[in-house]
Amino acid sequence: MITTAIGPELLHGVLDAVDGERGLLPQRLPAPARARNTDPQLAGAQSQPSGVRVVFRTAARTVELETLRTRIGLVGAPLRPDGAYDLLVDGRPAGSATTSGGKLLMTDPATGEVAVTDGPPGPVRFTLPGRDALVEIWLPHNEITEVVALRTDAPVAFVPPGGRPVWLHHGSSISQGSNAAGPSTTWPALAARSAGVELVNLGFSGSAMLDPFVARTLRDTPAAMISVKIGINVVNADLMRRRAFAPAVHGFLDTIRDGHPDTPLLVVSPVLCPIHEHTPGPGAPEVVDGRLRFRATGDPAEVAAGKLTLSVIREELARVVAGRTPQDPALSHLDGRELYGDADAAELPLPDRLHPCPEAHLRMGERFARLVFGAGGPFHAAGPRDR
């Protein structure tokens, strides 16, 4: 087996990478943004490589990727299944595998105390076609992953990015991929593959909070199209009131426009989430029959005094976009319920009351590709011309 040195040139869909204990640790926020962040939740989420791929060309028959993972869990709740590594060969799904070992980071939701258990790196191994092929190994979307070593039975060639238009997306845990079956089947990954674009996924679990340093990251990242999915985290964190929300959205969009004055920019409101449609946050986790669930703990009577719900968020986002589009024709709006709405919730209910199931991710990805990248959609003209 030939060992290829791990370097940033192997990683696609990521804005930075730093040296870890054993290898290279992808970071989805660049260093200036990480320096501004004070929230451990966001620090962990941006270190989980949703949308990040190890990409190369090779004629090998076997590839082995060694990584050091960090699994994350809550005390009293069952651990998530092992994170998946998805293989794509020439753009087509060709296998999925999990690794072993690694670290375990457990947080006690009652006290905030964090405990870490160490473990060794582990490998994932795939069989390849044995001819020159484009190989993508999608890293787990919900486990911090250090890339330690790449081994193949034939030489590899680096693939520079830039062959496809870049879609830059920001959102919450739903965009990061919570409850998706694997990293290549989160709804943004599915939409990107269907549309033939290069995904940079800035979906951060629990952390789509209209942070100015995230807006500056979007401003400074080259992209052919940008989408921001706003709302659920602002509600379930009980972060702000109605008076503050619309100005914060305006400021977020203003910052993006400072770097992308004419780039197609889409504002997506929240998908349906029954617990927060008319009940404010904060949201709270609970374990019911051994399974993690979420509930809204706010008082609907306080909406009149300015507390936010998803219904209020959608009204405000529609109003903000409508007020800006006469001067910004490249700005558009999508009601998130067109991706997942009442009929979908009846057929495919949110298993933990907050995040879509794997089948709903598939549906949302297909719908986003059709509504946004398809004919007449806001990103159609900016996408690949041979789509």
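If you read the sequence from its start, that first residue is 1, and numbering goes on from there.
His361 and Trp187 make their closest contact through ND1-N, 3.1 Å (heavy atoms, listed as atom of the first residue, atom of the second, distance). The two atoms that bring Met225 and Ala382 nearest to each other are CE-O, 3.5 Å, heavy atoms only. When all heavy atoms of Asn179 and Pro351 are compared, the closest pair comes out as ND2-CG, 3.5 Å. Taking both residues in full, the closest heavy atoms of Glu143 and Gly83 are given as OE2-N, 2.8 Å, listed atom of the first, atom of the second, then distance. Summarising the geometry of Val235 relative to Thr309, their closest heavy-atom pair is CG2-C, 3.8 Å, with the distance given to 0.1 Å. Listed here is the closest heavy atom pair of Pro183 and Ala189: O-CB, 3.6 Å.
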Report task. Go through the steps for His355 and Ser173 under the test side chain to side chain donor-acceptor pair (under 3.5 Å), then give the verdict. Result -> CA-CA 8 Å; His355 305 103; Ser173 57; 2.8 Å; yes
**Report entry** Full working for salt bridge (Lys or Arg N to Asp or Glu O under 4.0 Å) between Asp90 and Arg131
**Finding:** CA-CA 11 Å; Asp90 291 332; Arg131 55 168 175 78; 2.9 Å; yes
**Report entry** Lys103/Glu146 under salt bridge (Lys or Arg N to Asp or Glu O under 4.0 Å): CA gap, chis, key distance, verdict
**Finding:** CA-CA 11 Å; Lys103 300 180 179 183; Glu146 253 183 77; 5.5 Å; no
Query - Audit row: Arg125, Glu64, salt bridge (Lys or Arg N to Asp or Glu O under 4.0 Å) steps and yes/no - result: CA-CA 4 Å; Arg125 181 179 284 240; Glu64 183 177 276; 2.9 Å; yes
Query raised in the report: Between Glu277 and Arg314, does a salt bridge (Lys or Arg N to Asp or Glu O under 4.0 Å) hold up when you go through it step by step?
Result: CA-CA 10 Å; Glu277 288 298 315; Arg314 291 193 196 97; 2.8 Å; yes
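Side-chain polar atoms of Asn233 and Ser172 form no donor-acceptor pair below 3.5 angstrom. Side-chain contact of His169 with Ser227: a donor-acceptor pair under 3.5 Å is present, judged by distance alone.
Using a 4.0 Å cut-off between charged nitrogen and carboxylate oxygen, Asp289 and Arg291 do not count as a salt-bridge pair. A salt bridge links Asp344 to Arg367: at least one charged side-chain nitrogen sits closer than 4.0 Å to a carboxylate oxygen. Taking the charged nitrogens against the carboxylate oxygens, Arg71 and Asp82 do have a contact shorter than 4.0 Å, which makes a salt bridge. With salt bridges taken as basic N to acidic carboxylate O contacts below 4.0 Å, none links Glu198 and Arg193. Under 4.0 Å is where a charged nitrogen must lie from a carboxylate oxygen, and between Arg295 and Asp352 no such pair does. Salt bridge Asp328/Arg257: present, at least one basic N to carboxylate O contact under 4.0 Å. With salt bridges taken as basic N to acidic carboxylate O contacts below 4.0 Å, one links Arg241 and Asp238. The pair Arg242-Glu315 meets the salt-bridge criterion, with a side-chain N (NZ, NE, NH1 or NH2) lying under 4.0 Å from an Asp/Glu carboxylate O.
Sparse packing is recorded around CZ of Arg36, with 12 or fewer heavy atoms of other residues, nucleotides or ligands lying under 6.0 Å away.
Using a 4.5 Å cut-off on side-chain heavy atoms (C-beta onward), Asn201 and Trp167 make no contact.
Linking ILVMFWY residues whenever their side-chain heavy atoms come closer than 4.5 Å, directly or via other members, places Val200 and Ile256 in the same cluster.
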